[in-house]
Participant: 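Structure provided below as structure tokens; questions to follow.
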Amino acid sequence: MTRICVVTGANRGIGLEVARQLALAGDTVVLTARDLRKAEKAAAGLHGAVQARQLDVSDPGSVERFARELAHERVDVLVNNAAIHYDTWQRASGADLGVVQEALDTNLLGAWRVTQALLPLLRASEHGRVVNVSSEAGSLASMGAGTPAYAVSKAALNALTKMLAAELRGEGILVNAVCPGWVATDMGGPGGRPVADGAKSVLWAVDLPDGGPTGGFFRDGRALPW
Ligand code: NAP
């Protein structure tokens with residue numbers, strides 16, 4: 001059966017590539033972006049069943065409207081991809097807490113509020129999957145002083161992943177955090193691996209079979225230390 005897949009922040013970068021690969025595989029993709037025109041432009045460049053929708057994950061009103069207006073009776077896959085503030089310019093002791101707050105609002109609360117809003121539709125799926133696109137920068141095992149806003153937001157996203165997974169395991173909804181690796185996007189900058197490889201790391205968790213791992217943190221299908 002064709003899966004219905006929602007991808008956040010899908011107008012460029014890894015989100016766009018995930019949407020592209022899902023559509024190519026025959027899934028129905030709801031390609032979302034905070035700017036509807038960007039979503040429409042991105043969707044127009046893809047082949048397959050792709051619908052463009054406005055969704056600003058940092059705006060509760062936008063999230064609520066998106067969930068209300070989604071014309072599907074279920075959602076099989078939610079990829080929480082949208083993120084901001086890879087703050088290489090600051091360190092923890094002097095970090096601008098306004099920047100930290102913005103990072104948390106998008107990278108943590110954005111994923112949280114979209115998941116909450118779509119949960120009734122995910123519950124209507126026989127094979128619900130939630131993939132939180134995280135980063136090894138959020139791993140406590142290797143945590144340093146750099147990128148404080150980003151790292152703390154991703155560590156918190158990892159914690160949320162475990163909590164949601166524990167809660168939803170009994171309902172067959174798998175929830176995992178995935179690091180795409182260092183990827184050559186606007187956020188990653190030049191030098192990283194191709195965006196197709198980063199997207200593949202994400203799609204591994206999208207494509208997990210029933211009874212597959214949940215509450216884990218992975219890159220390229222291999223567990224990462226928390
Ligand atoms: P990117 O090129 O900067 O793209 C980020 C996407 O998120 C854009 O589409 C952006 O939309 C969207 N976005 C930002 N705030 C949003 C909001 N409030 N609501 C909806 N969409 C929003 O980043 P990327 O490299 O593709 O990163 C994708 C994911 O991979 C992120 O979660 C990132 O943390 C993670 N990651 C990336 C790397 C890497 O090396 N690239 C490494 C580890 C993890 P606009 O165009 O409107 O700004």
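Just so you know, ligand 1 is whichever comes first in the structure, and atom 1 is the first atom listed for that ligand.
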Participant: Looking only at heavy atoms, is any part of Asp59 under 4.0 Å from ligand 1, and if so is it the side chain, the backbone, or both, or is it neither?
Facilitator: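 It is neither part, as no heavy atom is under 4.0 Å.
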Participant: Is there a heavy atom in Thr8 that sits closer than 4.0 Å to ligand 1?
Facilitator: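 The answer is no: ligand 1 sits nowhere under 4.0 Å from a heavy atom of Thr8.
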Participant: Nearest non-hydrogen atom to atom 5 (C) of ligand 1 belongs to which of Gly13, Ala83, Ala184?
Facilitator: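 Among Gly13, Ala83, Ala184, the closest heavy atom to atom 5 (C) of ligand 1 belongs to Ala83.
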Participant: Residues two or more places apart in sequence or in another chain: which of them pass salt bridge (charged side-chain N to carboxylate O under 4.0 Å, His left out) with Glu102?
Facilitator: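 If we apply the salt bridge (charged side-chain N to carboxylate O under 4.0 Å, His left out) test to Glu102, skipping adjacent residues, there are no hits.
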Participant: Any heavy atom of Pro180 sitting closer than 4.0 Å to ligand 1?
Facilitator: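 It does; at least one heavy atom falls under 4.0 Å.
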Participant: Taking side chain to side chain contact (heavy atoms under 4.5 Å, CB included) as the criterion, tell me which of Leu160, Asn132, Asn80, Val131 meets it with Val175.
Facilitator: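 Between Val175 and the candidates, side chain to side chain contact (heavy atoms under 4.5 Å, CB included) is satisfied uniquely by Asn132.
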Participant: Would you check the N or O atoms of Val57, main chain and side chain alike, for any that come under 3.5 Å of an N or O of ligand 1?
Facilitator: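 N/O-N/O distance under 3.5 Å: yes.
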Participant: At a non-hydrogen distance cut-off of under 4.0 Å, which region of Ile84 contacts ligand 1 (side chain, backbone, both, or neither)?
Facilitator: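 For Ile84, the contact with ligand 1 is made by the side chain alone.
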Participant: Tell me whether Tyr150 has any N or O atom under 3.5 angstrom from an N or O of ligand 1.
Facilitator: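 There is such a contact, yes.
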Participant: Which of the listed options, Arg219, Arg34, Gln54, holds the heavy atom that is closest to atom 45 (P) of ligand 1?
Facilitator: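 Looking at heavy atoms only, the winner is Arg34.
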Participant: So which bit of Glu136 gets within less than 4.0 Å of ligand 1, heavy atoms only: side chain, backbone, both or neither?
Facilitator: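 For Glu136, there is no contact with ligand 1 at all, from either part.
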Participant: Where on Ser134 is there a heavy atom closer than 4.0 Å to ligand 1, on the side chain, on the backbone, on both, or on neither?
Facilitator: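 It is the backbone that gets close, since no side chain atom is under 4.0 Å.
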Participant: Please identify which atoms of ligand 1 are closer than 4.0 Å to at least one heavy atom of Gly181.
Facilitator: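 Those qualifying, in numeric order: 38 (C), 39 (C), 40 (O), 42 (C), 43 (C).
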Participant: Asp186 heavy atoms, cut-off 4.0 Å: which ligand 1 atoms fall inside?
Facilitator: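 Reading through ligand 1 atom by atom, the close ones are 2 (O).
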